[in-house]
Each structure stands twice: as C-alpha cells, then as structure tokens.
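Scroll down for the structure; my scribbles are underneath it.
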2 protein chains.
Amino acid sequence: MLSNSSKYAIKGVLYLAVNSNEDRKIMVRDIFEMIHVPEAYLAKLLQELSRHNIISSTRGPKGGFYLSDEDRKRTLMDIVRVIDGEKRIKSCVLGIKDCDMDNPCVLHKLVGANKAKFIKVLQNTTILDLVEGKQDLEEFFPI
Amino acid sequence: MLSNSSKYAIKGVLYLAVNSNEDRKIMVRDIFEMIHVPEAYLAKLLQELSRHNIISSTRGPKGGFYLSDEDRKRTLMDIVRVIDGEKRIKSCVLGIKDCDMDNPCVLHKLVGANKAKFIKVLQNTTILDLVEGKQDLEEFFPI
DNA sequence: CATGAAAAGGATAAAAATGTCTTTTAATCT
DNA sequence: AGATTAAAAGACATTTTTATCCTTTTCATG
C-alpha cells in the first residue's frame with residue numbers, strides 16, 4: 001500500500017516538522033539515525049520532496065532541509081503522491097492494474113470502504129496537524 | 001500491504017470456489033486466462049496453497065485443483081498468511097520493522113484503526129461468504 | 001501395468017524496490 | 001576570490017518480488 005520509501009519520507013518530514021524552521025536547517029546527517037533510515041537513501045527522498053516543493057532546502061554552509069510555514073500545510077498524501085505516485089496508493093487492494101478506486105472491481109466493496117477511509121486520512125492530515133497538540137515531542141522519536 | 005502474489009492467489013481461489021468441486025477439478029491451464037495471472041506463476045501459488053491445505057488438488061488424468069467443502073470455510077487471511085506471511089500483513093502502515101499492530105508506534109493511532117478493520121475483514125470473510133449470495137456469478141470474472 | 005495427464009519442485013530470469021557511492025552545483029565564510 | 005560546506009544529481013549495486021522454464025513425481029484410467 002505504502003512503499004518503504006513513502007514511510008521513510010514521512011518519518012523524515014515529521015522530524016523536520018518538529019526540529020526545523022527557516023532559521024534552523026537540518027542536514028540529512030543529523031536526521032537519519034533518529035528515524036532509522038539509511039543516510040544516502042533518506043537524502044534522495046528528501047531531495048525528491050524538495051524538488052516537488054513539499055519541503056525546502058538550501059545548499060552550502062548553514063544549509064540543510066527545513067519546513068517553511070507553507071510546507072507545514074502539506075498533507076501526508078502530498079508526500080505519498082511524490083514518492084509512490086497517485087496510482088500505487090489508489091490501486092485496488094485485491095485487484096490488479098486496471099482496478100482502482102475510481103473504477104472498482106467487484107471485490108472492491110469488500111475492502112474498499114476501509115481503504116477509502118485510509119486515503120481520506122492521508123488527504124486530510126497535514127504535517128501541522130500531526131505535530132501540534134503534540135507537546136511531548138520526544139514521544140515521536142525515534143520512530 | 002498485500003503482495004501481488006496474494007492478490008493472484010485470492011483470485012485463483014475465488015475462481016475455484018465458483019467453478020470447482022470434488023467432482024469437477026480444474027487445471028491451471030483453464031484458470032489463468034480468466035483471472036489474468038501468468039500460468040506458471042499461478043501454478044506455483046496454487047501448489048503452495050495446496051501444500052498448506054488451503055485448497056485441494058489431485059494429480060494425473062482428471063486431476064486438477066478444487067475446493068472441498070472444508071476448503072470453502074477458509075478465510076482470506078488464511079490465503080494471505082500462506083503467501084505473504086503473518087508479518088507482512090500486520091506490519092505498520094507507517095512504521096518500519098519493529099512496529100506492528102501488537103507493538104504499535106506513535107503514528108499508529110493515525111491509521112491503525114482503519115488497518116485493523118481491514119485485517120478483520122480478511123479474517124472474518126470466508127471463501128463461502130464471498131461466493132454465496134452472488135447469484136450472478138459471471139459478475140466475478142474476469143477480475 | 002503401461003500410458004499419459006497433471007501437480008510438484010528446482011533452477012533460473014527479469015523487473016522493481018531498495019540502498020550506496022561519486023561527482024557536480026550552489027551557498028557561505030573567511 | 002578561494003576554500004569549505006552541504007544539497008543535488010545521477011550512476012551503480014544489492015535485494016526482493018515477480019515470473020518462467022524444465023524436469024520429476026504422482027496417479028487415474030484404459
């Protein structure tokens with residue numbers, strides 16, 4: 001349903017949400033251990049997200065990845081869409097290829113409702129939602 | 001969440017449920033086109049299920065795969081368990097490795113409820129459930 | 001009991017996902 | 001300007017999943 005890559009990406013962004021801002025950028029080197037993702041792999045994922053303007057980054061000294069206020073309004077679905085693509089997440093849990101939520105197979109009703117709800121959660125949950133109301137931030141990490 | 005293999009297996013078993021019984025065994029050759037699964041690959045999957053007594057088979061002339069009445073009481077979860085293993089299906093949608101339903105990570109509550117329901121469906125739905133009340137059997141295929 | 005039909009099983013191939021490494025580019029700081 | 005730092009980019013490697021092929025074993029039947 002979600003690839004490892006998407007999960008890694010979400011964890012990375014979550015870490016940035018808690019620990020970074022415009023004035024406090026973070027290097028991959030300082031993230032990967034906390035979230036248990038291989039350094040180079042995480043770098044690639046964050047680069048991909050940055051290229052799609054889901055997160056922000058600057059190069060050079062004092063550089064690193066961070067989340068702007070705008071970035072924080074992104075949903076989990078935005079992340080998944082970049083990493084896995086729309087198709088993978090929406091594809092049928094039981095069917096193959098041609099079956100998806102918009103064009104369901106006959107088995108779809110069996111599991112479709114649950115899956116639809118799951119997708120709604122991804123679509124409706126922003127990074128900000130996840131982090132705020134989370135006073136005890138320690139609680140998140142290590143994931 | 002579910003591997004292709006599991007989906008293939010479910011489709012195959014569903015076909016058997018509709019078209020086979022003790023007196024009417026079916027060869028892989030006569031299934032694979034209907035459900036859009038490569039012949040040799042489907043054979044492997046059905047063999048694996050047969051070995052685990054999820055479905056039945058006999059060799060030789062007039063042989064083939066079929067479902068006994070007992071087989072029909074198997075759940076979708078039984079199939080998935082054989083093909084994917086318990087671990088894969090129960091692993092966390094967001095976390096990695098050490099996080100699963102029995103030992104949830106902090107992100108789990110976000111998506112855990114939906115996933116739990118999905119698993120319950122797999123656990124509670126038997127092959128028989130799926131097929132009966134399905135008068136218009138044509139409707140199932142091709143999947 | 002010989003024969004042929006079918007599953008079973010082993011070995012291999014192809015593709016996709018995951019993970020690593022090296023070079024290039026850009027920002028910052030003397 | 002030049003040195004240094006860190007992301008960006010892309011080539012390369014590994015592992016897992018998916019898929020195929022081919023031989024062996026089994027068994028119903030004539």
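The sequence lines fix the lettering, A, B, ..., with proteins before strands; numbering per chain opens at 1.
Put simply, B:Arg51 has a side-chain N or O that comes within less than 4.0 Å of OP1 or OP2 on C:dG9. In terms of phosphate contacts, A:Ser5 brings a side-chain nitrogen or oxygen within less than 4.0 Å of OP1 or OP2 of C:dT18. Distances shown here put a side-chain N or O of B:Ser50 below 4.0 Å from the OP1 or OP2 atom of C:dA8. Close to C:dT18, at under 4.0 Å from its OP1 or OP2, lies no side-chain N or O of A:Tyr8. Between D:dT5 and A:Arg29, no contact under 4.0 Å exists linking OP1 or OP2 to a side-chain N or O. The phosphate of D:dA8 has OP1 or OP2 within less than 4.0 Å of a side-chain N or O from A:Ser57.
Atoms CE (B:Met27) and P (C:dA8) sit 14 Å apart, rounded to a whole Å. If you take CD of B:Glu22 and C1' of D:dA28, they are 17 Å apart, rounded to a whole angstrom. Computed from coordinates, the A:Arg88 CZ to C:dA15 P distance equals 19 Å when rounded to whole Å. Taking atom NZ of residue B:Lys25 and atom P of nucleotide D:dA28, one finds them 8 Å apart after rounding to whole Å. Nucleotide D:dA19 holds its P atom 11 Å from the NZ atom of B:Lys7, rounded to whole Å. The interatomic distance linking A:Phe32 (CZ) with C:dG19 (P) rounds to 14 Å, in whole Å. The CD atom of B:Glu48 sits 14 Å away from the C1' atom of D:dT17 (whole-angstrom rounding). Between the CG atom of B:Asp30 and the P atom of C:dA7 there is a distance of 9 Å, given to the nearest Å.
Both B:Asp84 and B:Pro61 lie close to DNA chain D; mapped to their nearest nucleotides by heavy-atom distance, the more 5′-ward contact belongs to B:Asp84. Along DNA chain D, the nucleotide nearest B:Lys62 and the nucleotide nearest A:Gly64 are compared for position; the residue whose nucleotide lies closer to the 5' end is A:Gly64. Mapping A:Pro38 and A:Gly60 onto DNA chain C by nearest heavy atom places A:Pro38 at the nucleotide closer to the 5' end.
With distances taken from any side-chain atom of A:Lys44 to the nucleotides D:dG10, D:dT20, C:dG4, the minimum falls on D:dG10. In this structure, of D:dA7, D:dT18, C:dA6, it is D:dT18 that holds the atom nearest to the side chain of B:Tyr41. For A:Ala40, the listed nucleotide lying nearest its side chain is C:dC21; candidates were C:dC21, D:dT18, C:dA8. Taking only side-chain atoms of B:Phe65, from C-beta outward, the nucleotide of C:dA8, D:dA8, D:dT18 with the closest atom is C:dA8. Of the listed nucleotides (D:dC27, D:dA6, C:dG19), D:dA6 has the atom at the smallest distance from the side chain of A:Arg59.
Judged by distance alone, the side chain of A:Asp78 and the main-chain N or O of A:Thr75 form a donor-acceptor pair under 3.5 Å. Checked by atom type and distance alone, the side chain of A:Arg24 pairs as donor or acceptor with a backbone atom of A:Asn19 at under 3.5 Å. A donor-acceptor pair under 3.5 Å is formed between the side chain of A:Arg74 and the backbone N or O of A:Asn53. Without hydrogens or angle criteria, A:His36 side chain to A:Phe32 main chain gives no donor-acceptor distance under 3.5 Å.
Under 3.5 Å, the side chain of B:Gln47 and the base of C:dA8 form at least one donor-acceptor pair of N or O atoms.
Residue A:Ile26 is classed as a sugar-phosphate contact, given heavy-atom separations below 4.0 Å to backbone atoms only.
Partner A:Phe65 forms a side chain to side chain contact (heavy atoms under 4.5 Å, CB included) with one of A:Ile26, A:Leu16, A:Val13 and no other, that one being A:Leu16. In summary, of the residues considered (A:Asn4, A:Leu45, A:Ile89, A:Leu2), a side chain to side chain contact (heavy atoms under 4.5 Å, CB included) with A:Ile83 occurs for A:Leu45 alone.
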